[in-house]
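What follows is one structure encoded as structure tokens, with my remarks underneath.
Numbers for residues simply follow the sequence, beginning at 1. The shown structure was predicted, so the numbers you read here are calculated from the model rather than taken from an experiment.
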Amino acid sequence: MDDVNRPSPTSLAVVMLLSSCISLQLGAAVAVPLMGELGSWLTTAARLLFAAAILTVLTRPDVRSWSGADWRRVVLYGVSLGGMNGTFYAAISRIPLGVAVTIEFLGPLVLAAILSRRLRDLGWVLLAGAAVAVLGLAGHGSDGKPLDPVGMAWALASAFFWAIYILAGKQVAAHVKGQGPLAMGTLVGGLLMLPFAVTTTHLIVERPSFLLPLIAVALLSSAIPYSLELRALGSLNARTFGILLALEPVVAALWGWLLLSQHLTAIQLAAMAAVLAASVATTMSERTG
């Protein structure tokens with residue numbers, strides 16, 4: 001009876017991935033007001049470094065057993081992680097959370113199309129690119145102005161780093177076992193962000209009240225979601241993972257609306273839906289072409 005009532009590994013993995021998505025975007029929403037005080041780069045650096053400390057204590061990575069090749073893989077993974085998070089936080093300090101996540105989705109979408117080498121996937125990428133252009137040009141908010149082009153540029157940079165993060169993460173998962181690489185990669189990413197935050201680091205010393213919310217962001221946006229995601233990957237195929245991942249912009253838009261009063265227009269919602277459709281279609285075609 002216990003075996004009958006026990007959830008399957010796949011079901012647990014789906015729950016973990018959905019929980020990861022909710023936690024990640026909630027953390028991003030909590031970080032937005034902090035960035036108004038600390039700036040996006042300091043918020044990113046502090047988030048990653050706090051998360052690295054938490055993960056190191058929990059996982060106690062056996063780094064002495066890693067080869068030079070393992071370290072190179074982990075460092076590249078950390079660089080991509082830092083770049084993805086730093087540019088994403090720079091983006092959401094200027095444009096709505098749901099829109100930024102949608103634009104960021106171009107990274108894995110383009111990567112999937114390149115790897116598949118299918119003409120139809122190229123068509124989906126072109127559709128998503130057109131939708132992102134609409135997102136930027138469509139009027140936003142009560143003033144009807146287009147989105148901040150600098151914010152969009154940061155989101156596109158984050159899309160690039162996300163694609164590198166996927167490739168680097170696969171290499172790490174294939175060659176370096178356990179969650180130690182996540183702890184060390186997060187540390188590398190945080191250290192990489194520090195030079196960009198050097199002019200504002202004094203703010204944390206001057207106002208220690210920021211420490212608690214920064215630790216909360218580190219937990220919600222890094223330690224919890226990345227740990228859940230790594231565990232879920234072992235039980236989910238690429239198609240299911242890709243489809244569930246496509247829920248991130250929806251969750252991000254929901255948190256942006258609930259916590260940040262970020263209201264999206266009908267045109268922007270339609271453009272976001274087009275990007276999500278392209279992502280799901282590309283994922284579904286991975287094993288059917």
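Follow the hydrophobic side-chain contacts under 4.5 Å out from L258 and you reach I22 in the same cluster. Hydrophobic clustering, with ILVMFWY side chains joined whenever heavy atoms are under 4.5 angstrom apart, keeps V15 apart from I224. Placement of V198 and L192 in two distinct hydrophobic clusters is found when ILVMFWY residues are connected by side-chain heavy-atom separations under 4.5 Å, directly or transitively. Note on L58: it clusters hydrophobically with L220, by side-chain heavy-atom contacts below 4.5 Å among ILVMFWY residues.
To the nearest 0.5 Å, atoms CD1 (I204) and CG (L211) are separated by 6.5 Å. The CD atom of Q171 sits 13.5 Å away from atom CD1 of I166, with the distance rounded to the nearest 0.5 Å. If you take CZ on F160 and CG on L106, they are separated by 14.0 Å, rounding to the nearest 0.5 Å. Separating the CG atom in L38 from the OG atom in S93 is a distance of 12.0 Å, to the nearest 0.5 Å. We find the CG-CG distance between L26 and L259 to be 6.5 Å, quoted to the nearest 0.5 Å. Between the CH2 atom in W162 and the CG atom in L156 there is a gap of 13.5 Å [rounded to 0.5 Å].
Minimum interatomic distance between I103 and A155 (heavy atoms only, all atoms of both residues): CG2-CB, 3.6 Å. The two residues A46 and L214 come nearest to each other via the heavy atoms CB-CD1, 3.9 Å. Scanning all heavy atoms of the two residues, the minimum distance from P225 to S20 falls at O-OG, 2.9 Å. Residues V176 and P181 approach most closely at CG1-CG, 3.4 Å, considering heavy atoms. The minimum heavy-atom distance linking A51 with A223 is given by the pair CB-N, 4.2 Å. The two residues L81 and N85 have their closest heavy-atom pair at O-ND2, 2.7 Å.
Inter-residue side-chain proximity for T56 and L187 is flagged as unmet; no heavy-atom pair is nearer than 4.5 Å. Looking at heavy atoms from C-beta onward, L194 lies in side-chain contact with L49 at the 4.5 angstrom threshold. The side-chain heavy atoms of R47 and M193, taken from C-beta on, include no pair separated by under 4.5 Å. By the 4.5 Å heavy-atom criterion applied to side chains, P33 and L260 are counted as neighbours. Within the 4.5 Å cutoff, side-chain heavy atoms of R64 are placed close to those of D62. A 4.5 Å side-chain heavy-atom check between V75 and R72 finds every atom pair outside the cut-off. Side-chain contact between S227 and L182: present, with at least one pair of heavy atoms (C-beta onward) separated by less than 4.5 Å. With contacts defined as side-chain heavy-atom distances shorter than 4.5 Å, the pair S23/L228 does not qualify.
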Problem set entry | Intermediate values then yes/no, ring-ring contact (aromatic ring centres under 6.0 Å, His included), W41 and Y89 | CA-CA 7 Å; W41 300 107; Y89 270 34; 9.7 Å; no
Problem set entry | side chain to side chain contact (heavy atoms under 4.5 Å, CB included) between E248 and T102, intermediate numbers included | CA-CA 8 Å; E248 281 200 12; T102 303; over 6 Å; no
Exercise. What do the steps show when you test L97 against V32 for side chain to side chain contact (heavy atoms under 4.5 Å, CB included), and what is the final call?
Worked result: CA-CA 9 Å; L97 179 59; V32 169; 5.6 Å; no
For this session: With side chain to side chain contact (heavy atoms under 4.5 Å, CB included) as the test, would you mind laying out the steps for V63 and W71 before giving the verdict?
Result: CA-CA 9 Å; V63 297; W71 271 110; 3.5 Å; yes
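Not a single ring pair (Phe, Tyr, Trp, His ring centres under 6.0 Å) links F88 to another residue, sequence neighbours left out. Taking R207 as the reference, E37 meet the salt bridge (charged side-chain N to carboxylate O under 4.0 Å, His left out) condition, with sequence neighbours excluded.
Within a 6.0 Å radius of CH2 in W257, no more than 12 heavy atoms belonging to other residues, nucleotides or ligands are found. More than 12 heavy atoms of other residues, nucleotides or ligands shown are found within 6.0 angstrom of CZ on F210.
For the pairing with D70, the side-chain contact (heavy atoms from CB on, under 4.5 Å) check across K177, H175, M184 returns one residue only, H175.
At least one donor-acceptor pair under 3.5 Å links the side chain of S80 to the backbone N or O of L76.
E104 and S158 are linked by a side-chain donor-acceptor pair at a separation below 3.5 angstrom, with hydrogens and angles left out of the test.
In this structure, Y226 and Y165 have tilted ring planes: the angle between them lies in the 30° to 60° band.
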